[in-house]
Every structure is written in structure tokens, then in C-alpha cells.
2 protein chains.
Amino acid sequence: MSSARKLTFIPGPIEFSDAVLSAMSTPSQAHTSPEFVPVFQQVLKDLRKVFKSTDSKSQAFVLNGSGTLGWDIAGANLLNANESALVLSTGFFSDSFADALKVYTDDVDIIEADSFGASIDLKKVESALSNKKYNLITITQTDTSSGVLTDVKSISSLVKKISPDTLIVVDGVCATACEPLEFDLWGIDYALTASQKAIGVPSGLSISFVSSRALDKALSKEKPTAYFASLKRWLPIMKAYESGSGAYFATPAVQLIHALNVSLKELLAVNDSIDARIEAHKVASDSFKDKIESIGLNLVPQSRDVAAHGLSVIWFPEGVDGGKLLGGIREKGFQLATGIYKDYKTKYFRVGHMGVTAVGERKAELDQCFEAIKDTLIELGYKK
Amino acid sequence: MSSARKLTFIPGPIEFSDAVLSAMSTPSQAHTSPEFVPVFQQVLKDLRKVFKSTDSKSQAFVLNGSGTLGWDIAGANLLNANESALVLSTGFFSDSFADALKVYTDDVDIIEADSFGASIDLKKVESALSNKKYNLITITQTDTSSGVLTDVKSISSLVKKISPDTLIVVDGVCATACEPLEFDLWGIDYALTASQKAIGVPSGLSISFVSSRALDKALSKEKPTAYFASLKRWLPIMKAYESGSGAYFATPAVQLIHALNVSLKELLAVNDSIDARIEAHKVASDSFKDKIESIGLNLVPQSRDVAAHGLSVIWFPEGVDGGKLLGGIREKGFQLATGIYKDYKTKYFRVGHMGVTAVGERKAELDQCFEAIKDTLIELGYKK
């Protein structure tokens, strides 16, 4: 493979389809024009299918921003200053979510996985919820730093049983559209994601989905603690666009929303459902992880059950210089990601496999990426 | 002109150059890759030329967001809860800035223009600054709802004389790159803008420039009141990119930043300075306003001295149905904007003239837009 352009195999931003990139160049349209309003309307309707919600009182929100902004939206809208949050942490991004919530309340408790690569011990969650009333719990479905997948369904079920008033917040930045999520069925209150991962659109959008219960909380909040991130200010805007009329609070990212509209059509191509797309990510992930393990490499997640499907997080093998490995793979045309978690950051690397190069028309590129990893290891003298 | 595509002559988003739109389709790059870092570096360097700052301790910030997010950045970083702000209001957007600041402090005073279309009475500013110590003053350079241009230079000079400790905040959303601003020379502390107006890039970026004094305030803030909008968190990231290395807090909008890099080259094409571009906007604006007045229409700004150069805000002439006028102009291929300020909103319309269709290679389109306005008025029976 030519090294002219490096293919982006990091866990977001991912490679984008030609149709999505083409939509990024949509010539200018006024944000309340008859050309743009139906596009945003379709996006908001299609997001209901991605999050699996048919409750007309829940609402999708698409804001200029990023995944990180979604944390502020949770903190600013769903927590009062005297309220408490329980954060389940499987890595850097869950910890950062806790940092973000600490802007809005001092009462943030964290349950950490027992070790890096481990999942959350449900007994600890059960115990925490039994001993203290939390207003909100956060679950990072895939922590992009560790590749650990957290069982949102089981934890939500536990919350419903022990502490049904606790709002359930899911960080799906690296999970939405590549891991199952049943917003209504599991009783999720706020799910946040971003455009540049399995959603398949360049960075720039904060995408979230809010239950009627969470909206009630946001609307009743005593004192607003954000302006741009205020769900109360955005709710009438999103309702207007979804019903087919324009409205203004801040200027939406017209071109990114066009790109999102195109991508959502790709995501929902089979039966107008996200299910096939999610299943395809599981197949691609299983196959890639099988190959990685077949050459003797070890995954950071401690078992396949707790390994996310949008990326593979892999220990550098002993005796191999991590920098040289990633550099050699890059020379072959594939940009991978380094580690990002505390003391481990130089000890592992990350390969994103979401979207068009994992489950789309360019999925052969993921196979080529594996070959580049294997060949570079051999060049560096690695033997299984 | 064919009505196939409506040209966007609203005061943002504007029409974009082909080169900018093409950059929006840049294939994926990792946000810390050797391909992207120099692009972001160049953008941050070029923004110093747009804002006219050579102080190495000041800093440009480019975040995923919009102009509105800039208000949160000001409130969250430059105001403590017990501190006071003075807002100078010439319309809807200045008032909204006050609303945003009220999230962060209860002590927000507003000096309104005496009437819609009037400028701020400097004597009132002088009196307010003399009678109360304000921590921060906001000046909306162009209020996009009224088209009133506020004299940032004179007001800054007044602040420096009477209340030198007051931080000077300029909302340049509809002014940056089409009105003069001397960040260092006038002693501005925080200037905010957005991508989709005279900057010439699709919506999605919050762009701002911060003085060393404002950064000191942001860094010393007792308790953070935002996470994504925190200058303290973004400062090391922007410094890293500007010095040529990647860093991570939240994923930047890679494609929008590529587009911004292209647009800044266009903005700085003459002598690597923004001056010629700003002067060209004055020429285009004067010419357009002359034509508008030549057919008997009246501008909302009460004199040319207080009329902004990035848009023209025009009263509907008596006896002409505003909806029919804008509809007829749209039929001819030009999307204009309605009014947005309180009771006046149905009484006037707005024409944006920024960027490529005002001062770039497509500037003949602004003349065509004027012809469409004139012709539609005639069709509706209007006589001067």
C-alpha cells in the first residue's frame, strides 16, 4: 500500500464514506431554509432508530460540539449542586466524565474497575446504590482508553431494581451504532455520543438522546448552569426541526448535519434498522481480534465478554518497541492510536474498526491493516 | 437567475468559496497526526493576524461550537459568581449575551441603545463605569439583529481611562474579518467570533482570542463553571498545536479546521494582512447601501456612521408585504433573512454581504441580489 495518505484506523475519527465526505461540501444553505429544515428533520427522526426510542416524549439533540460537550450537557442539566452522581470507571474517559461532573456538584463517587482492562464489579454497584441515594449514574459503554465494554443492560436493570429514581446516563461516544443500546427498553435517561466514531461523520457534532424524565428534570432545574449546553433552550429548537419548521437558538452546523443525514441512511440501510450494522461490527471485531490473538498478541480487555467491538486495545508484545511498531505500521499507510491511560499509556496501542473500513464497502482495508501490523512485527524481529 | 439553488445572502451562514467547500471534504486524518497538526498550527498563527495581536502571551482558541458558545466561554472563565458585568445592547444578540452571562453571575447591568437602530450613548457608558466597578464589559461590535455597528475603539478607550481593570469583551460574530479590530492596540481582553460569517467557513467553530490578562483570570478562577468551555483546559492544547505538536482534550473538527486554514489564506491574501479584506467589505457595503437608499428604502441603523459593513438591515417599505417581498426575491434565487428583534421582527429584513459574494471572485452576485430586490419591489407595485 502506498504511504501517500495514511488511513485513519484510530478509534475516532474514523475513515468516512465518499458520500459522507461529499455531503460535507454541500453549498451554503440558510439554517432555517426549506432546503435545510427537512434534512435536519430527517436526522432527528432517524436518530430515534439509532437509539431505539419510540417514546414521542423523548428527544434527540444535535449540537455543534463534541463528545466532551455531552458531559457538560449531563452535568448542567441533570444535576443540581447539592445532588450526587455515581460514575462507573473503566478508564480515562470515564474518569474524565467524573471530572466534568465535578464542575456541577461536589458529590461525585467513582467505582473503578479492579484493574486496567477489567469490567465493573456489579456487586460494587449494587452495594453503592443500596447505601446511598444517587441522583445520577454514568455508564461509559465503551471506554476508548481501555477498550472495555460495560454491560449497560445489566447495570440499568440493577438501577431500576435498587434505585429507580436515579437517572441513567450512558456515554456511547465509542459505542453508539456499533454496540446494542435499547434506550426505551433499558430505561436510559440520557445517552450521549459524537459524530466521528461509528456514526461515521467528521468531528464537530455532539449527538444525544434524552428521556422525558430527564427532560422534566432539565426543564425544572432551579438555576441554569450553562447557556449553550442548556437542554431547556435547545428543546423547542429540536422539536421545531423535527416537526418540519426552522427555529433559532445558535447556528447549527449545516454541512455536518447534511453529512449526518447521509451517514444515517448508510447506518440504517438494512430494514431501516441499526441492528444489522451493530451485528456487522461484532463480526468484524471478532474476526480482527481472532487474528490479533492468532499471532500471539494480547488484548487489554481481560476477556472477550468485556471487549468492545468498535476498537481493539492491544498490549505491545514484550521486546517490541511500541514507537517503532506504530511508526512502521504508519509507513505502510495505517494510522493507529497510542495508549492514553495513566502509567499504561506507553504499553499498548489501539486500532479502531468502525464504519466504512470495518463493515462498509472498504472493509478489506481492515484486513490490510492487520497485515501491516503483522508484517511490521516480523520486521522488528517479533516471534509468536 | 435559475432558482435551482438559492444563494445564501443572510448575515451568516454566507456563501463559501469552492476551495473552502472542497477542504470540507478532506479525507479523514487523526487529530494528532503529522498531517493535521501543521494545519491547525497555521490556523492558530493566522488568527493572530486576523485579530491583530503580536503579544505572545495572548492566545487564539478554536473549539467545536458556535458564536453562542463564545458567550459561555466569557461567562464561565472571566466572571466569578460575585462579580459584575456591563452589557452594551444594540439588539437581540447583545441582549442574548446578557442572558448567557446571567448563568454565571446575577450582577449583569445593560445599557440599551435609546431606540432600535441607534448606537450606544457613550455618556451613559462613561456614567455607568464611573458609578460602579464592573469586572467585565461586553461590546457587540455588530449586532446582527439591527445591523448597528458599535465603536469598539472609543468604548475601549473610555474603559481604559475610567475603569482600567474592567475586562473588555468584544462579540465579533458578525464583525471579525469585515470590521476593523485591533486586539492589542485597543486593549481587548476577549474577542469571540464564529466560522460561518466573514470568516468564510461553514458553521461549527467557535473562534476566539484571549489576552494574557484574561488568561490569568481564567487560570486563577476559584471554581470552574464549565468543562468543555474551560479556557484552562484548552490553553495547553492550543499552545501545543500552535507550537507544532498535537495534544488532546476533546476531538477538534478536523475538516472544519482544514476549511478554516484555506479561508484564512483567502482572507490574508493581500500583504498577509486582514486590512485589505476589511476595506473591501466597507466598499461593498457602501455601494450596496447606496443602491438600497437610491430606490427609496431606509436602513434600520440611524446613520451610516453606525451601520455595520457585513450586512444591511432594511425596513420594509410601507405598503409592501414583507413575506411576499422575501418570497419573490427567493424565487429569483436569493435567500435573505427576516427580522429578529422583538416587535420589529416583521417590519424589516436583512441582507448579508460578507465573503466571496461580497468581496471575492463572486462579488457580482451581490449586484444580482440587489437587482432581485429591486425587481421584486416593482412586481409588488412599489414606487420610490
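Throughout, a chain's letter reflects where its sequence line sits, starting with A, and its residues are numbered from 1. Atoms considered below: every heavy atom in the structure, side chains included; atoms not considered: hydrogens, waters and symmetry mates.
With chain B as the partner, the residue from L21(A), L101(A), I14(A) showing the most heavy-atom pairs under 4.5 Å is L21(A). Across G67(A), P252(A), S33(A), the residue that shares the most heavy-atom pairs under 4.5 angstrom with chain B is P252(A). When the candidates S96(B), G75(B), S22(B) are compared by the number of heavy-atom contacts under 4.5 Å with chain A, S96(B) comes out ahead. Ranked by heavy-atom pairs under 4.5 Å with chain B, the first of A23(A), P224(A), S206(A), A337(A) is P224(A). Here M24(B) is the residue among Q196(B), K223(B), M24(B) with the most heavy-atom pairs under 4.5 Å with chain A. Counting heavy-atom pairs closer than 4.5 Å to chain A, the top residue among A30(B), G70(B), A229(B), A259(B) is A30(B). Contact count versus chain B (heavy atoms, under 4.5 Å) is highest, among L256(A), D99(A), L63(A), V254(A), for D99(A). Residue with the most contacts toward chain A among P202(B), G204(B), A100(B), A194(B): A100(B) (heavy-atom pairs, distance under 4.5 Å).
At a 4.5 Å heavy-atom cutoff, D18(B) makes no contact with chain A through either its backbone or its side chain. Neither the backbone nor the side chain of S230(A) comes within contact range of chain B; no heavy atom of the residue lies under 4.5 Å from a heavy atom of that chain. Contacts of F93(A) with chain B are made by side-chain atoms alone, with heavy-atom separations under 4.5 Å and no backbone atom involved. For a residue to count as touching a neighbouring chain, one of its non-hydrogen atoms must lie under 4.5 Å from one of that chain's; by this rule F92(A) touches chain B with the side chain only. Of the two parts of Q335(A), only the side chain, counted from C-beta on, holds a non-hydrogen atom closer than 4.5 Å to a non-hydrogen atom of chain B.
With hydrogens and angles ignored, the 3.5 Å screen pairs a side-chain donor or acceptor of D72(A) with a backbone N or O of F228(B). Of the possible donor and acceptor atoms, none in the side chain of R5(B) sits under 3.5 Å from a partner among the backbone N and O of Q29(A).
Between T32(A) and T338(B) there is no side-chain heavy-atom pair separated by less than 4.5 Å. Residues I340(B) and Y248(A) have side chains in contact (heavy-atom distance under 4.5 Å, counting atoms from C-beta outward). Two residues are said to be in side-chain contact when any heavy atoms from C-beta on lie closer than 4.5 Å; Y227(A) and F97(B) fail this criterion. A 4.5 Å side-chain heavy-atom check between H31(A) and I10(B) finds at least one atom pair inside the cut-off. In this structure, P27(A) and F16(B) have side chains that are not in contact, with every pair of non-hydrogen atoms separated by 4.5 Å or more.
Pairing each heavy atom of T225(A) with each of V103(B), the nearest pair is C-CG1, 3.5 Å.
Note that CG of L205(A) and CG of N64(B) are 8.5 Å apart. Values are rounded to the nearest 0.5 Å. Put simply, OG on S66(A) and CZ on F249(B) are 8.0 Å apart, with the number rounded to the nearest 0.5 Å. Atom CD in Q255(A) sits 10.0 Å away from atom OG in S25(B) (nearest 0.5 Å).
With no hydrogens or angles considered, no side-chain donor-acceptor pair links S203(B) and T251(A) at under 3.5 Å.
K363(B) NZ: 12 or fewer foreign heavy atoms inside a 6.0 Å radius.
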Assess the residue pair T68(A) and R233(B) against the criterion (side-chain contact (heavy atoms from CB on, under 4.5 Å)); give the C-alpha distance rounded to whole Å, side-chain angles, the decisive distance to 0.1 Å, and a yes or no.
CA-CA 12 Å; T68(A) 302; R233(B) 296 194 183 265; over 6 Å; no
